[in-house]
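Have a look at the structure below, then the notes.
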There are 2 protein chains.
Amino acid sequence: MTRRRQIYEGSAKVLFEGPEPGTIVLYFKDDAVSRNPKRSGTITGKGVINNRISEFVMSRLGEVAIPTHFMRRLNMREQLVRKAEIIPIQVVVRNLVAGSLAERFGMEEGEPLSRSIVEFYYKDEKREDPMVMEEHITAFGWANHHEIDEMINLALRANDFMSGLFLGIGIRLVDFRLEFGRVWEGEQLRIIIADEISPDNCRLWDATTNEKLDIDRFRRDLGDVEDAYQEVARRLGILPESGPSDIQGPHLVQ
Amino acid sequence: MTRRRQIYEGSAKVLFEGPEPGTIVLYFKDDAVSRNPKRSGTITGKGVINNRISEFVMSRLGEVAIPTHFMRRLNMREQLVRKAEIIPIQVVVRNLVAGSLAERFGMEEGEPLSRSIVEFYYKDEKREDPMVMEEHITAFGWANHHEIDEMINLALRANDFMSGLFLGIGIRLVDFRLEFGRVWEGEQLRIIIADEISPDNCRLWDATTNEKLDIDRFRRDLGDVEDAYQEVARRLGILPESGPSDIQGPHLVQ
């Protein structure tokens with residue numbers, strides 16, 4: 001492993017400078033944290049599986065002209081992505097009531113929404129990523145109206161596409177969280193999907209049993225967390241080449 | 001006092017059926033509550049003053065064709081208003097950073113905003129009036145897009161007008177909260193400003209000293225709460241006819 005500069009370490013990933021200018025290497029960790037309830041731990045093999053799931057979903061999105069930062073997978077736990085100027089807004093798309101939406105309005109989890117809802121959260125861990133309105137985003141200069149429109153447009157397109165993708169393998173896409181970044185293409189500033197798309201930031205329920213196949217199993221201490229992640233990968237047809245013994249993968253040397 | 005049917009009792013007002021169909025009597029109490037920090041108490045004479053201030057501001061708004069529910073003041077603590085179907089959304093307009101906005105993003109109180117911000121909160125005391133986006137409002141049927149546009153339009157017009165009105169008497173309108181209702185005019189559904197406009201729901205700072213002249217004096221236990229409310233009324237030229245000895249007014253018989 002050649003020496004390389006670490007740019008950032010988050011709860012689930014480490015970012016390194018990529019081999020070429022304008023690229024970044026994402027290293028997927030097994031670490032998991034939950035804010036509500038507060039909990040932190042490890043989901044064995046999560047990094048390996050999320051690396052594969054995110055590769056798979058972002059590749060498919062690219063094929064329907066929904067631009068993402070994904071370039072190629074490098075190994076079990078790493079992928080190469082385009083370096084983008086990250087917009088400090090998390091875009092959440094919801095198809096069914098779940099999680100904080102249920103809490104906020106006292107609604108039942110699983111209640112269908114009359115239409116998909118798009119929400120914004122300001123990325124600020126110290127303040128637990130507060131929900132914000134378009135008003136705050138533009139007034140504080142986090143993104144302009146055009147960029148917000150483009151994020152909504154891409155998020156809704158991704159929602160349609162991914163809802164179909166997952167339903168095809170018996171999984172309901174309840175909601176998910178996206179991040180976006182800006183990249184220059186010639187003279188043109190373009191908005192692309194960044195970060196990852198995986199059971200860490202998608203609520204995925206079995207379409208028949210409503211069994212949770214995502215990070216909520218960890219957050220709510222429901223057990224069988226590793227199995228749930230593997231089940232999603234298995235249904236997508238992308239379980240890692242090597243057997244489950246290898247899934248733990250090499251630990252990150254820091 | 002003739003018998004009349006009480007419709008609702010809130011923290012600061014009691015609503016009675018009005019003498020004619022389509023009207024309501026608002027009775028202004030001296031009670032005050034604060035959610036953060038939790039505090040409840042009495043601000044002597046507040047009801048009398050707010051009745052006058054709300055009468056004054058809403059009358060002036062009406063004169064510039066910003067429709068409100070206000071019809072006429074009945075006595076020291078009561079006013080007659082049009083009965084409207086209340087939209088369960090509080091619309092907040094902010095000109096400077098203060099209160100929950102400062103907390104939410106770790107900003108300094110008093111920091112100017114590059115432009116006015118309009119926020120929505122869902123009226124649900126049990127859930128402490130959570131902030132919502134246009135997305136929630138339309139998806140859950142609390143108001144439609146046209147109504148939201150009209151609320152924003154009226155709120156921004158009211159903001160301009162009231163900013164001028166208060167600045168003329170040396171007071172900065174930092175932010176304020178409005179409620180809206182629907183009324184039928186012939187075949188036409190119309191959105192009008194409802195509730196009250198007073199130091200209970202406007203942040204008012206002395207333009208020179210930044211001294212708070214509003215409910216924050218009570219919420220933050222700054223003292224001189226009664227004086228602050230009276231100072232606003234005095235500057236508007238509308239201190240109650242009778243002296244301060246009468247300001248306590250008759251207590252509400254329930």
Side-chain angles (χ1 to χ4, degrees), chain A residues 36 88-108 111-145 148-149 151-153 155-156 159 174-178, chain B residues 36 88-108 111-145 148-149 151-153 155-156 159 174-178:
Chain A
N36 181 18
I89 299 297
Q90 296 181 329
V91 178
V92 169
V93 182
R94 297 175 178 279
N95 300 307
L96 297 179
V97 172
S100 66
L101 190 73
E103 281 171 38
R104 215 180 303 140
F105 303 121
M107 292 170 174
E108 277 300 313
E111 225 174 282
L113 294 168
S114 63
R115 59 169 182 73
S116 302
I117 290 181
V118 181
E119 296 175 333
F120 305 116
Y121 295 84
Y122 177 53
K123 277 167 62 94
D124 182 345
E125 273 199 30
K126 241 177 69 188
R127 306 203 156 69
E128 307 205 333
D129 303 335
M131 194 176 77
V132 294
M133 300 170 57
E134 196 160 330
E135 284 288 286
H136 305 117
I137 298 171
T138 54
F140 297 145
W142 297 326
N144 64 35
H145 280 295
I148 294 172
D149 285 350
M151 288 193 288
I152 293 173
N153 173 43
L156 288 175
N159 183 43
V174 174
D175 55 38
F176 62 100
R177 186 181 71 233
L178 290 181
Chain B
N36 179 18
I89 299 297
Q90 296 181 328
V91 179
V92 169
V93 182
R94 298 175 177 277
N95 301 307
L96 297 179
V97 173
S100 66
L101 189 72
E103 281 171 39
R104 215 179 304 140
F105 303 120
M107 292 172 173
E108 276 301 311
E111 223 175 284
L113 294 169
S114 63
R115 59 169 183 74
S116 303
I117 290 181
V118 180
E119 296 176 333
F120 305 115
Y121 295 85
Y122 177 52
K123 276 167 63 93
D124 182 345
E125 273 199 29
K126 240 175 71 189
R127 306 205 155 67
E128 308 207 331
D129 303 335
M131 194 176 79
V132 293
M133 298 170 59
E134 197 161 329
E135 284 286 287
H136 305 116
I137 298 171
T138 54
F140 298 144
W142 297 325
N144 64 35
H145 279 296
I148 295 173
D149 285 350
M151 288 193 288
I152 294 173
N153 173 42
L156 288 175
N159 183 44
V174 174
D175 56 39
F176 62 100
R177 186 182 69 232
L178 290 180

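Chain naming here is simple, since letters A, B, ... match the order of the sequence lines and numbering starts at 1 in each. Only this structure's heavy atoms are used, side chains among them; waters, hydrogens and symmetry mates stay out.
Near-neighbour residues of residues 116-127 of chain A relative to chain B, defined by a heavy atom under 4.5 Å from a heavy atom of that chain, comprise A:Ser116, A:Ile117, A:Val118, A:Glu119, A:Phe120, A:Tyr122, A:Arg127. At a heavy-atom cut-off of under 4.5 Å, chain A is reached by no residue from residues 89-96 of chain B.
With hydrogens and angles disregarded, a donor-acceptor distance shorter than 3.5 Å links the side chain of B:Arg115 to the backbone of A:Glu135.
In this structure, the side chains of B:Arg104 and A:Val132 stay at 4.5 Å or more apart for every pair of heavy atoms.
Heavy atoms only, all atoms of each residue included: B:Ala139 and A:Ser114 are closest at O-OG, 3.0 Å.
Heavy-atom distances place the side chain of B:Phe140, and not its backbone, under 4.5 Å from chain A. If you measure heavy-atom distances from B:Glu103 to chain A, the contacts under 4.5 Å come from the backbone alone.
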